[in-house]
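Reviewing the structure listed below.
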Amino acid sequence: MSGPTPHIDWESHADLVVVGGGVAGLTAARVAAKAGLAVLTLSKGGPADTATQYAQGGIAVVRAGLGHDSVNSHIADTCAAGVGLCEEPAVRSIVADGERALFMLTELGAEFDRGPDGALDSTREGGHSERRIIHAGGDATGAEVQRALGSAGVPVIFDAAVLRVLTDASGVTGVLARTAEGLGVVHAPSVLIATGGLGQLYTCSTNPEGATADGIALALDAGATVADMEFVQFHPTVLFAAGGLGRRPLISEAVRGEGAILVDADGRSVTAGVHPMGDLAPRDVVSRAIASRLRESGADHVYLDARALPGFSARFPTITASCAAVGLDPSADLIPVAPAAHYACGGVVTDVHGRTIVPGLLAAGEVARTGLHGANRLASNSLLEGLVVGDRAGQVAVERARLNVEATEVELRQAQTVPRTLLQALMTAHASVVRDGAGLASAAAALGSESASVTPSAGAAYEDAALTLAASAVLIAAALRTESRGCHTRLDHPDSDPRWADSIELSLGPDGRLRTPELEPVGAR
Ligand code: SIN
């Protein structure tokens with residue numbers, strides 16, 4: 001809902017505004033700038049405050065002519081992990097473009113790990129039937145991707161928050177942003193939202209502090225739809241520490257790919273008999289197996305046993321350092337792990353070129369929902385998607401470049417906010433690895449009764465408003481979906497139901513409430 005008209009300190013013009021400085025945003029900005037567009041890239045944090053920076057495992061890519069892997073096999077694994085909700089044409093389009101994306105990165109100077117013969121090394125992760133995960137720095141793939149894209153000459157304005165995407169009847173006209181220069185308007189015919197995920201909905205997450213669902217709120221406010229919001233992926237193996245809050249260190253699935261096993265305090269396998277792929281089953285399966293073992297035993301963590309892996313510290317230097325920081329040596333000690341929020345499989349609905357239903361509004365990377373992930377993202381498909389769709393979105397922006405747009409009626413948005421600690425506690429208690437109808441309803445009711453109406457113009461209030469809207473979307477979709485599928489496990493509806501083999505879409509009505517496409521207002525908001 002609209003709010004007051006703010007005082008504007010500065011104005012500028014661009015052909016494309018990119019919101020976010022991770023893999024999708026930088027890729028798009030680079031492609032658009034190469035095509036001659038005036039690109040303004042705004043990132044609310046610093047250069048390393050992106051989820052891309054923390055990605056460990058790698059990039060899932062099928063390389064032509066190598067072994068018996070194939071694009072069809074990668075598509076089949078992706079769709080199996082996505083449990084009936086992947087859109088096969090989208091999966092094919094993105095997966096088939098992987099090798100080109102990898103080439104683009106190596107052209108930029110990205111260095112990936114190689115074997116003794118000089119060929120690119122590859123590993124396996126959960127849900128993959130082949131070793132097709134390319135990695136860098138052992139377990140620091142994201143950092144190398146961020147470094148390579150960051151040194152590609154794309155100027156980024158850091159500490160710059162986009163508060164609204166501005167539109168008129170013809171589509172996008174610009175953004176309202178807060179930078180060190182104050183509140184400003186950028187007049188632009190295209191805006192790419194590449195803000196990453198929403199891990200800060202939960203008390204523990206692998207995501208950076210800035211993963212506050214900003215892009216979900218921006219896109220909904222601008223008239224776009226979101227889908228698959230109930231499918232929040234919990235990574236099974238996040239370093240556990242009693243009372244540990246906020247961003248927690250990931251223990252990459254590649255550790256299991258290289259042979260580590262999951263055991264409980266009695267040394268019993270956690271996944272035996274659960275899935276034919278055992279510890280390398282898709283992520284939702286492994287997280288559920290851990291959650292169920294924890295419920296049975298009353299423990300708060302299980303263990304990853306990597307003691308038999310040769311050369312652990314050389315292969316996994318980031319994980320070795322995280323363990324050393326809490327006094328653990330993975331070659332001698334069991335690593336305590338528990339699931340934590342990791343990835344939003346749903347998001348802003350786009351096609352495989354990043355287009356939303358709002359002309360000029362694009363989204364790519366974790367914030368977007370292209371149809372690649374379905375109900376559960378396959379490991380290491382996210383950097384792949386960010387590269388491929390980011391590249392295409394940069395090209396799409398050329399179509400509207402030099403359109404004469406003028407951003408008018410610049411207003412701040414009125415929004416509901418719930419204090420973050422309360423919101424995280426509610427989501428963690430009621431919308432985590434497992435949920436049920438009563439818990440979801442009580443979380444939605446608490447969100448409704450504890451929320452206050454604000455007009456956030458920056459900082460924590462703005463992030464809290466985005467998180468509150470995203471929490472509502474997750475709770476509404478999770479309550480509507482009376483079945484279990486992928487990352488969404490309902491204890492009161494434990495089976496998949498073929499009648500639910502479709503995505504739940506939500507948009508924002510003029511009253512500021514989320515609604516389904518049938519224009520039915522739903523939930524507390
Ligand atoms: C991991 O390294 O386990 C995470 C990779 C991913 O989330 O795709």
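The structure displayed is predicted, hence computed values, not measured ones. First listed ligand is number 1; within each ligand, the first listed atom is number 1.
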So, applying side chain to side chain contact (heavy atoms under 4.5 Å, CB included) with Leu105, which one of Leu149, Ile134, Leu383 is it?
Leu149
Looking only at distances, please establish whether an N/O atom of ligand 1 is found under 3.5 Å from an N/O atom of Ser252.
yes
Near Glu125 (heavy-atom distance under 4.0 Å), the atoms of ligand 1 are 1 (C), 2 (O), 3 (O), 5 (C)
Does any part of the side chain of Ile319, heavy atoms only, come nearer than 4.5 Å to the side chain of Val255, both counted from C-beta?
yes
Aromatic rings His301 and Tyr303: how do their planes relate, parallel, tilted or perpendicular, breaks at 30° and 60°?
perpendicular
Close-contact set for ligand 1 against Ser380 heavy atoms, below 4.0 Å:
6 (C), 8 (O)
Interfacing atoms of ligand 1 (cut-off 4.0 Å, heavy-atom, Ala379)
8 (O)
A quick test of your reading: do over 12 heavy atoms of other residues, nucleotides or ligands sit less than 6.0 Å from CD of Glu88?
yes
Do Leu362 and His353 come close enough that some side-chain heavy atom pair is under 4.5 Å?
no
For atom 4 (C) of ligand 1, which of the options Gln56, Arg283, Glu253 provides the nearest non-hydrogen atom?
Arg283
For Gly57, the ligand 1 atoms with a heavy-atom partner under 4.0 Å come out as 1 (C), 2 (O)
Per-atom contacts, ligand 1 versus His342 - under 4.0 Å to a heavy atom
4 (C), 6 (C), 7 (O)
So, 4.0 Å and heavy atoms of His235: is ligand 1 close enough to count as a contact?
yes
Looking at every non-hydrogen atom in both residues, tell me the closest pair between Gly57 and Ser380 and how far apart they are.
C-OG, 3.9 Å
